[in-house]
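Heads up, the thing below is written out as structure tokens.
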Amino acid sequence: MRSSLYGLFFMARNVLLVEGLRKVVPTAAGELVILDGIDLEINDGESVAIVGASGSGKTTLLGILAGLDTATSGLVKLMDSEISGMDEEARAVLRGQHVGFVFQSFQLLTSLTALENVMLPVELRGDALAQDQAVELLEKVGLADRLDHYPRQLSGGEQQRVAIARAFASRPTILFADEPTGNLDTANGEKIIDLLFDLNSEFGTTIVLVTHESRLADRCSRTIKLTAGKVDR
Amino acid sequence: MNFAFIRKLAQRDLKSGEVALLLISLVVAVGTVTSISLFVDRLHQALLAESASFLAADRQISSSRQIPEEFLLQAQARELDTSQTMVFSSMVFADDRNQLVSVKAVDSQYPLRGELIITDEPFLRGFPTDSVPQRGEIWLDSRLFPALAVELGDSIEVGLAELKITNVLVAEPDKGGSFFDLGPRVLMNLADVPSTDVVQPGSRLSYRLLLAGDDQQLDELKSELDLEPNYRWVSVAESSPRIGSALDRAESFLLLGGLLAVLLAGVAVALSAHRYATRHFDHVAILKTLGATPGQIFWGYLSILLLIGSFAISIGLLVGGGLHLLVIELLASLIPVELPAPGPRPFLLGAATGFICALSFAVPSFLHLRNVSPMRVIRRDLGVPSLSRAVSYGSAIVGSVFLMIWYTKSLFLTAWTLTGLISVIVVFGSIALFLLRGGRVVGMQARSGLKLALSGLQRRRNENTAQILIFGLAIMLLLILLLLRTALITEWRSQVPENAANHFVMNIASEEVKDIQALIDSNVGMGDMLYPMIRGRLESVNEIPAKQWAKQNRRYEYDRGPRITSERNLTWTAKQPDNNAIISGEWWEEETEDYLVSIEQEYAESFNFEVGTQLTFNIGGKVVSARVSNIRSLEWESMSPNFYVIFSPNVLKDFPSTYMTSFYLEKDQKLFLNKLLSEHPTITVIEIDALIEQVQKIVDQVSQAVELVLALVLASGCLVLVASIQSSRDSRLAEHALVRALGGTRRLVGTSLFSEFLILGFFAGVVATVGAEVTVALLQSQVFELGAEVHWWIWPVGPAVGALVISAVGMFGSRELVNSPPVNVLRGVS
């Protein structure tokens, strides 16, 4: 287990490297440039908030950085692997090995229990069943007594806690979060933010999150602001 | 994704009802095919086993010539069982009484298959025996005992031989014979035939060599023997070709009907698979974010489909097994044999159908899941590229055509069925579109439930057209069956004149003619005269051999009719029969001594006979010639004895013959038959009215079995309706929730849904009624040669049935839509 202090005393390892990233999509009215020449680097252990107005391209950027989408041009390297040239099969494998996700709408599989949802990333890798680890994670997020409950039986805050537990189940190198508190009330949102960063400290994961909330952005070590598809310098 | 995970997902999907419709559709498809195939398979096996006994052997060699010794030796060399028989007509005498009988002479090995049934006293129930008449013995049909006034132990003369009566013959396995070979039977020993001296040059005899044993040895024997042209090789399939090929045809047609249920179930499978896949887009996107590769998604969901499919097939096979027992129950009285246990083939057919159905109709949607982008978890509005229509339709069409060819075993029938289906789709689809197009409205028209329904029909025009098509077809088929079931018998009956003869009497001996005529005249209101009848064949025409004449003169449109040298029933009379009209020539004078003949019109046309043509007939070895003096037409529906060939009295009056007649009896006059038969036990009475009732019963029972298949078709149609409601459920839910959020009441939504289904059902019924009337009119006029008529009663019934069925099924499938809370619109929850 690595501590985020580790990075203070040693050369910080580059987890994400982006050079000249462009994303252009065709529309009825012609080509639409969503991202226009993005350059950035994110090091191991950092927590980075991507902020910007609606339509600034932050969700698109997140998707490309996480390997969920592909850029029109430019270089994207995740963990030293150039994902910009990979097909979906290879990107899926990389995601399974290094990436965790937390989404605004929780995105739990409704036909699986809380425990089964948390075990899912490990099962997909074909690893031996890590039920104990999943139970431990659910205990950490305060849902030890809800293991066999389905998502429909959980509140929004509880579902997001399950999603966070799932995100850390595969011990990801980097965790991407898209508006993790967007669907939650203030009180629950606070709890989720605390939980996210507590687990991040414990596991030393790099965090990249998209958010509108200043309190969440303030908790991060760095903020990247996007305006009209470009990074504000 | 490992198997345990896949199994878990499949189990959860099954439990949650996500795949209920897909499951039920596959069960219907498999159950339909399995039940039909099981029933026909068991019947086929049973009748094949019975057929062997119809020959009294596995194979027969028959001829009008003596079977060569060489055939027998070759058969014995192959270790086949053999037996020889002879059949011929002869007079038998007992003191001063005599009778024309059919004699069968057998050796001690007879029969090789089946059983001889005898009894100790005439007209008593029989029992099987292993023996045959010994030398010097004879067994008689029950009827002959009173006819000849003899008892067991008495002797009778067959030709020059005197034989002792030792048993009463009840039944022999290979009785067979033509319809007119209804004379009483006697059984004697083959070794006694020479002593009878009845075998003379020109005698009409049938020699048979019966064979039984290993199929391969029999086939090799057939290829070795020099059979053509005088010896005929008869096998089980040939001896009962009608049974064998009728069963094959029945299976093809029943499976074709069942195929309709399978195809409709396939459509339901496709719709429900599409919905399943659509509802799993988000799941797949999540799995992909967690590291599932497109390959894993592909194999994982394919495995889920196979698991669910296997489960459905297992249930379907059980359901099919149960259904076929129901069919057997319905047809119990028509099945004369005990049905053996089924073979594996029907179950394999059912299982294969289920897999092909799942592969063709469901796999494209399931495979499409691999194309879901993981970005969808962040961008819910991100759509999934549409499944290629070429892939989904192509897969369905290939699967359907494959099943069609497999079931019908005929490319020809498949092509015609496809043509028919496409034509129906085009015609009905056009009618349906026309009906829906009327009353084009703008906006949702939420002022009233009815207007909301009409706008809904417009908005979902494509799927509604498909619904009208499917239900229209299913209801149409049921209506056709209903109409034909009663029409055939009723309309045929109506074309037969009132009081037309409903009883035929045959095998009347010449010395009985006066008595029987007197009996009929005094007891029956509408009786015909008695007609003499003798069998003969045409030998030459204008001194040209008959076959040669036929080659030169036969009209091609009669090519399928009887051959020119076929044996015919001949008669003679002085007077022109009542229901015969002269077309050309003239009827002869009553006292004429000329040798003249009258020919029926179609028979004359088919062989180009004219007035003045000289015809020579061979009757029992004797040759007679007569000149055609007239051509006449017949009224076949008069039910009087009708003859193609009638001679003037002089020609045949010295030939021994039997007589026939017909008469009409009311139901309360039936006791007359007892009196007639008790005084003349050797005659044969055919009760046409009982035959018609029997036919009606058969038609009714077979119709019930076919209706069962059509009920499955209708059930499949209901599945498609439910599936299509489900596939549009999300949009309907959002629509109705929005209407409610904006002030619409539950009643408005409920009325709108009910009205939509009612109108849909009504239109389907209209389409069905039009289709049924047109089809039945075509069938009646072109196939059954009956008059076409309009059946006014189905015009309200068809649309009413459609409206009732679709509104009931539709409302059942949409009940939660009525209750969808408006808040779901705000939350975007489905």
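Chain letters run A, B, ... following the sequence lines, proteins first, then strands; residues in each count from 1.
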Using non-hydrogen atoms only, which part of Leu112(A) is less than 4.5 Å away from chain B: side chain, backbone, both, or neither? both
Is Tyr150(A) close to chain B through its backbone or its side chain, or both, or neither, when contacts mean heavy atoms under 4.5 Å? side chain
Work out which heavy atom in His283(B) is nearest to a heavy atom in Thr110(A); give both atom names and the distance. NE2-OG1, 3.5 Å
Straight-line distance of Glu88(A) CD to Ile297(B) CD1, nearest 0.5 Å: 9.0 Å
Kindly check if the number of other-residue, nucleotide or ligand heavy atoms within 6.0 Å of CZ (Phe311(B)) is above 12? no
Rounding to 0.5 Å, atoms CE (Met375(B)) and OG1 (Thr59(A)) come to a distance of 7.0 Å
If we only count heavy atoms from C-beta on, is the Phe103(A) to Thr289(B) side-chain gap below 4.5 Å? yes
CG on Leu109(A) to CG on Leu290(B), rounded to 0.5 Å: 7.5 Å
Which value, rounded to the nearest 0.5 Å, describes the distance between Asp69(A) atom CG and Arg376(B) atom CZ? 14.5 Å
When you look at NZ of Lys8(B), are more than 12 heavy atoms from neighbouring residues, nucleotides or ligands closer to it than 6.0 Å? yes
Value for CZ (Arg370(B)) from CD (Glu89(A)), rounded to nearest 0.5 Å, stands at 7.0 Å
For residues Ala292(B) and Ala92(A), report the shortest heavy-atom separation together with the two atoms involved. O-CB, 3.5 Å
Heavy-atom distances under 4.5 Å only: say whether Arg166(A) touches chain B with side chain, backbone, both or neither. side chain
Can you tell me if Asp80(A) has over 12 outside heavy atoms packed within less than 6.0 Å of its CG? no
State, with a plain yes or no, whether a side-chain heavy atom of Val377(B) is found less than 4.5 Å away from one of Asp178(A). no
Rounded to the nearest 0.5 Å, what separation is found between the CD1 atom of Ile378(B) and the CG atom of Leu62(A)? 5.0 Å
What heavy-atom pair brings Leu68(A) and Ser373(B) nearest, and what distance separates the two atoms? O-OG, 4.1 Å
Can you name the closest pair of heavy atoms from Leu9(B) and Ser111(A) and give their distance? CD2-OG, 4.1 Å
